[in-house]
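The sequence lines fix the lettering, A, B, ..., with proteins before strands; numbering per chain opens at 1.
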Protein chains: 2
Amino acid sequence: MSAALKPASEPSQAGSRRLILDHAARLFRERGYAETSMRDIAGVCGMKTASLYYHFASKEKIVTEVLNTGVATVSEEASRRVDMLGADAPAAERLHAAISAHLHALLELDNYTGANIRIFGHVSSRVRAATMDQREHYEQWWRELLADAAARGAIRPDTDLSLLRLLLLGAMNWTVEWHKPRPDNTDSVEAIARSLTTMVLRGVFDDKPTPPLRRRRTKIGKLEPWKQSPP
Amino acid sequence: MSAALKPASEPSQAGSRRLILDHAARLFRERGYAETSMRDIAGVCGMKTASLYYHFASKEKIVTEVLNTGVATVSEEASRRVDMLGADAPAAERLHAAISAHLHALLELDNYTGANIRIFGHVSSRVRAATMDQREHYEQWWRELLADAAARGAIRPDTDLSLLRLLLLGAMNWTVEWHKPRPDNTDSVEAIARSLTTMVLRGVFDDKPTPPLRRRRTKIGKLEPWKQSPP
DNA sequence: CAACCAACCTAGCGTCCGTTAGATGAGCGC
DNA sequence: GCGCTCATCTAACGGACGCTAGGTTGGTTG
């Protein structure tokens, strides 16, 4: 459950319809929705613009399917990974599986989830409504995951679970803005998942700071795998 | 340092130039860059499209100034708030001030910072380059804030500071996607800041879970001030 | 081998975009 | 009253956009 299973960039298999969706998802994720024209999509698919309309009635139909596939992907991956642990696994492990799966789908599995996260706020309200149900379903899954962890006493009782969910998903979703896959195949995403899980569960505060004299050293991240550009 | 200082929605003062920027920032934040036309901006400013070109040479000039103002706002607000504490304030308090200031600028102060966060990834690389310096400067400020906290021993030495910075800023920046200001004037943003600071510093994990019989209750968020829509 | 159909093409329509040229008028120093 | 500048206007240009009508293929089938 670590390295990318698919190249995460090139189309997956036969069928023009699938080819179009794969390329559209990639372009939407890389450039945005309005910044990707039907001519662009047709271009990278090796066909003329009009041919797209044999497979899809409109640009909105394409983006709707891309968005829905995106939620479906991350949703299935997450529940698959968590269910794999069995229902009586420690809450901390279940949370880590969920975080790892979400990041894996977002950054490695394919371009659909990343496209969803990046362009959802930039499509028409019509399209947004058409994919809201799936999104709401996935969010509900997270609500229950955290509620379950809290019910088991694994989360401090003064924690606002709604806020925890929103901030945690925010930290994860924002990775699409700065994460660049490494040239080599080293797995950076699982490292992010581990770090985030630890930070969320245990925090970063040091209660017993600075033993006298020989001051402790903060680990220096040698050659960060994630290339940051924005704040 | 809590409630919104300005209405955060309507133009601030005289001057057509400023009027245009204020409205443009609002529209960019609400709808996105490509989804906001020069005709739209002119419309809400009560003028004709061509009049915008008396004040700005192009749409890109407008968005560049909006983006730069956005970083300047959050950057000044953050360092102001942290400097106010004095250099020898506890690292935890400095971190809270930084988080609170960032969220305040993003969600309450005006529309410039929010516009920056929402559309930065959707403008041309030319525009992005023109505001990169400021962004890099602000990010450097955060690097130093965290490095300083680590040097004082307030952050556990096995913490990857780069990752902490990216995930923390991610959790904050993503709030623009779900936070809706409350109808009443109650301050929800400072509550978010407090929660996030606590979560990051102490984590949410409960080491001493579930005392036998009388199980503890997880605080139920009554009428959440933040209205969530996306995952 | 003729009919058919899926999959693609050429060509272009109407619309909206950012942008520009040039006119208009209000306010002001002289 | 004259000339000048500022701020805005009317009108329109060229190009990119989403989309469509209708033609051309090449493979399958009766």
Ignoring backbone atoms, test whether Ser16(B) places a side-chain nitrogen or oxygen under 4.0 Å from the OP1 or OP2 oxygen of dA7(D).
-> no
Specify the separation, in whole Å, of atom CD of Glu60(B) and atom P of dC17(C).
-> 17 Å
Would you kindly give the CG-to-P distance between Leu52(A) and dT20(D), to the nearest whole Å?
-> 13 Å
Return the value, rounded to whole Å, for the distance between atom CD1 of Ile41(A) and atom P of dC19(D).
-> 10 Å
Verify whether one side chain among His179(B) and Glu108(B) offers a donor that lies under 3.5 Å from an acceptor in the other.
-> no
Side-chain N,O (Tyr53(A)) to OP1/OP2 (dT20(D)) below 4.0 Å = no
Tyr33(A) OH to dG18(D) P, straight-line distance once rounded to whole Å = 8 Å
Ala50(B) side chain: which of dT8(D), dT19(C), dA21(C) is closest?
-> dA21(C)
Met38(B) CE to dT20(C) C1', in whole Å, measures 12 Å
Nucleotide nearest Lys59(B) when distance is taken to its side chain, options dG18(C), dC6(D), dC8(C) = dG18(C)
d(CZ, Phe56(B); P, dG18(C)) in whole Å | 15 Å
Donor-acceptor pair between Asn111(A) and His23(A) side chains, under 3.5 angstrom | no
For the side chain to side chain contact (heavy atoms under 4.5 Å, CB included) test, which of Glu30(B), Arg26(B), Arg31(B) pairs with Thr36(B)?
-> Arg31(B)
Report yes or no: do Asn116(A) and Arg135(A) form a side-chain donor-acceptor pair below 3.5 Å?
-> yes
Phosphate oxygens OP1/OP2 of dA7(D): is one of them under 4.0 Å from a side-chain N or O of Ser51(B)?
-> no
Does dC8(C) have OP1 or OP2 sitting under 4.0 Å from an N or O in the side chain of His55(A)?
-> yes
Assign Thr49(B) to base, sugar-phosphate, or nothing according to its heavy-atom contacts below 4.0 angstrom with the strands shown.
-> base
Rounded to whole angstrom units, what separation is found between the CG atom of Leu27(B) and the P atom of dC17(C)?
-> 13 Å
Tyr54(A) vs dA7(C): side-chain N/O to OP1/OP2 distance below 4.0 Å | yes
Are His122(B) and Phe28(B) near enough that their ring centres are under 6.0 Å apart?
-> no
Side chain of Ser37(B) only, please: which of dC8(C), dG18(C), dT19(C) is the nearest?
-> dG18(C)
By nearest nucleotide on DNA chain C, pick out whichever of Gly46(A) and Arg39(A) is the more 5' one.
-> Gly46(A)
Between atom NZ in Lys48(A) and atom C1' in dT24(D), what is the gap in whole Å?
-> 14 Å
Closest to side chain of Met47(B), choosing from dC19(D), dC9(C), dC9(D) = dC9(D)
